[in-house]
Amino acid sequence: METRTPKNVFKQGAISSGFIGDSIAKHQAKTSIGAHNIFLGQVRADVIGGKIVSAIEFTAYEAMANQKFDEIREAAFQKFELTCMHIFHSLGTVKAGEICLFVFVSAPRRKVVYKALEHIVEEIKANVPVFGKEIFEDETHQWKKN
Amino acid sequence: METRTPKNVFKQGAISSGFIGDSIAKHQAKTSIGAHNIFLGQVRADVIGGKIVSAIEFTAYEAMANQKFDEIREAAFQKFELTCMHIFHSLGTVKAGEICLFVFVSAPRRKVVYKALEHIVEEIKANVPVFGKEIFEDETHQWKKN
Amino acid sequence: MRIPIKYFGLIAEITKCQEETISFSGSFIFELLETLHSKYPELKNNGFQVAQDRALVTVETRLTGEEIALLPPFSGG
Amino acid sequence: MRIPIKYFGLIAEITKCQEETISFSGSFIFELLETLHSKYPELKNNGFQVAQDRALVTVETRLTGEEIALLPPFSGG
């Protein structure tokens with residue numbers, strides 16, 4: 001049984017570029033780091049059946065999702081020699097052009113960060129119970145598929 | 001013969017987190033983008049023979065380097081379906097903990113950005129005439145090897 | 001047994017609620033699903049996975065009384 | 001032929017200058033390198049690549065009179 005409480009990965013609304021810049025700045029004190037790799041998921045204004053996606057509204061099974069994020073994080077630290085790792089995912093409405101997923105890995109040397117980042121992002125997409133509702137400009141919607 | 005003038009990739013001194021945040025923000029208007037991938041090279045305070053690296057001083061064969069960066073960029077646009085790509089490299093002194101390389105790729109879908117980013121960073125490391133002089137705290141130095 | 005059930009995404013649209021507690025006499029997930037399919041016939045046309053106590057389970061899993069969740073395809077990021 | 005030559009990194013430390021123009025009567029890169037090795041004996045102990053007109057060349061390449069550069073191992077990023 002998992003007893004430790006996983007960190008909360010979710011943030012209400014879009015993830016701002018200022019928040020991302022600040023996260024990068026915080027790593028300047030960690031002078032053993034030689035390479036950072038960052039993935040950002042951005043909401044696309046897809047055209048589906050002639051209608052344009054204006055936003056995605058994210059919901060999640062939060063307790064299970066935070067546990068999954070925690071498992072993904074722990075497994076990645078086991079698998080890859082990383083100095084640190086941060087994951088943030090939006091909940092609620094994120095407009096087209098805004099950022100809804102921010103994954104940030106850092107390591108002494110670069111070779112490991114490429115593989116680690118891809119692995120973590122793919123794990124998130126496949127295994128974390130988050131649900132995106134694509135809202136069209138006419139306020140109809142459809143459920144996003146990854 | 002190459003007639004177009006390549007963009008200047010070099011920036012004097014460290015690349016600030018604010019600059020990176022602003023670059024991210026500028027992409028919010030490009031609503032066909034679904035995924036960004038960013039690589040950041042950070043100067044490590046390596047300990048070499050008991051002495052600590054306090055900074056790297058970068059020089060480059062600028063004319064050839066900018067031409068190489070341009071070739072790498074054009075080849076990557078041919079090879080990968082990318083919406084945009086930005087490369088910045090520091091010249092001059094960059095202190096331990098500061099960022100000296102910023103590579104930023106964006107695409108409609110995520111699968112392509114991992115491969116594209118790794119490819120571009122490895123090409124830069126292998127083929128661009130930039131030279132790093134590792135400055136120790138006692139002001140002696142050695143030449144960096146990748 | 002009283003079983004708390006959570007619904008998400010498209011599934012919550014079909015059930016028109018995000019959670020409820022169901023009184024139920026069976027022992028397995030597949031028996032619970034039969035009950036839910038009767039209550040919400042539209043569920044049959046939609047794929048979902050089932051979690052018990054925040055972990056995915058198969059339909060042959062025995063009910064423990066802990067929270068059940070019906071999860072449509074994940075689409076995070 | 002007068003040939004402009006640029007030196008970088010460790011190589012510029014050895015030559016104690018970043019660029020110079022050399023008057024020279026040979027036709028090939030390897031001949032130019034012989035001249036430079038005589039002028040800067042310490043060059044022999046250090047690996048470098050040669051560029052002519054901003055493109056890497058081999059020692060068998062013919063000199064065109066355009067800018068030559070002596071490039072130690074690249075270490076950007």
Side-chain angles (χ1 to χ4, degrees), chain A residues 1-2 5-6 9-11 14-15 39-44 46 53 56-72 87-91 94 98-103 117-118 120-134 140-146, chain C residues 1-22 24 28-30 32-33 35-37 39-77:
Chain A
M1 279 287 120
E2 184 79 20
T5 309
V9 162
F10 292 107
K11 288 179 74 72
I15 296 164
F39 179 89
L40 303 173
Q42 181 167 304
V43 173
R44 273 196 316 272
D46 278 350
V53 172
I56 295 182
E57 202 180 294
F58 288 101
T59 52
Y61 185 10
E62 289 185 57
M64 178 175 165
N66 276 316
Q67 201 171 293
K68 276 283 162 199
F69 279 122
D70 195 66
E71 287 167 25
I72 292 169
I87 306 174
F88 298 95
H89 198 296
S90 295
L91 281 186
V94 180
E98 293 183 328
I99 289 163
C100 58
L101 173 62
F102 171 26
V103 183
L117 188 76
E118 176 169 358
I120 293 163
V121 173
E122 295 305 308
E123 286 284 307
I124 291 170
K125 295 270 181 180
N127 297 318
V128 179
V130 175
F131 312 100
K133 184 173 162 181
E134 291 171 320
T140 59
H141 71 265
Q142 74 170 22
W143 291 91
K144 181 173 178 255
K145 288 188 185 101
N146 269 1
Chain C
M1 181 153 42
R2 287 176 62 77
I3 300 177
I5 310 185
K6 289 194 167 191
Y7 305 108
F8 291 91
L10 176 58
I11 303 298
E13 266 187 12
I14 292 168
T15 61
K16 295 187 177 60
C17 71
Q18 299 188 305
E19 53 186 300
E20 64 180 326
T21 301
I22 283 192
F24 175 71
F28 293 95
I29 299 284
F30 71 84
L32 177 63
L33 291 183
T35 301
L36 293 176
H37 279 134
K39 189 168 178 189
Y40 306 109
E42 222 195 310
L43 279 185
K44 286 202 182 78
N45 308 321
N46 289 282
F48 57 84
Q49 298 182 89
V50 180
Q52 179 168 247
D53 192 25
R54 295 179 272 170
L56 296 180
V57 291
T58 65
V59 294
E60 288 84 18
T61 304
R62 190 173 281 275
L63 289 160
T64 60
E66 309 229 41
E67 181 175 283
I68 297 292
L70 268 53
L71 305 170
F74 303 165
S75 54

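Lettering of chains follows the sequences in order, A, B, ..., and the numbering in each one begins at 1. Atom set for the values below is all heavy atoms of this structure, side chains included, hydrogens, waters and symmetry mates excluded.
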Can you tell me which portion of [X] sits under 4.5 Å from chain C's heavy atoms? Options are side chain, backbone, both or neither.
X	value
A:Tyr61	both
A:Lys125	both
A:Ala65	neither

How long is the gap from [atom1] on [X] to [atom2] on [Y], to the nearest 0.5 Å?
X	Y	atom1	atom2	result
A:Lys68	C:Leu56	NZ	CG	6.0 Å
A:Phe131	C:Ile11	CZ	CD1	9.0 Å
C:Leu10	A:Lys144	CG	NZ	15.0 Å

Q) Do you know which two heavy atoms are closest between C:Arg54 and A:Met64, and how far apart they sit? A)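 Minimum heavy-atom separation between C:Arg54 and A:Met64: O-CG, 3.4 Å.
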(Q) Looking at chain A, which one of C:Glu13, C:Gln49, C:Lys6 has the largest number of heavy-atom pairs inside 4.5 Å, strictly under? (A)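 The answer is C:Glu13.
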Q: Check whether more than 12 heavy atoms from other residues, nucleotides or ligands sit under 6.0 Å from atom CD of A:Glu62, and answer yes or no.
A: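 Yes, because the 6.0 Å sphere around CD of A:Glu62 holds more than 12 heavy atoms from other groups.
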Q.
Within a 6.0 Å radius of atom CD on C:Glu20, are there more than 12 heavy atoms belonging to other residues, nucleotides or ligands?
A.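 Count over threshold, so yes.
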Q | Sorted by number, residues from residues 69-77 of chain C in contact with chain A (heavy atoms, under 4.5 Å) | A |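 Contacts with chain A: C:Ala69, C:Leu71, C:Pro72, C:Pro73, C:Phe74, C:Ser75, C:Gly76, C:Gly77.
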Q: Select, from A:Ile124, A:Asn146, A:Val121, the one with the greatest count of heavy-atom pairs under 4.5 Å involving chain C.
A: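 The candidate making the most pairs under 4.5 Å is A:Asn146.
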Q. With respect to chain C, which residue among A:Gly41, A:Pro129, A:Ala126, A:Gly132 yields the maximal number of heavy-atom pairs within a distance under 4.5 Å?
A.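 Maximum pair count with chain C is reached by A:Pro129.
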Q: State which residues pass side-chain contact (heavy atoms from CB on, under 4.5 Å) with C:Thr35; sequence neighbours excluded, sorted by chain then number.
A: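 By the side-chain contact (heavy atoms from CB on, under 4.5 Å) rule, C:Thr35 matches C:Phe24.
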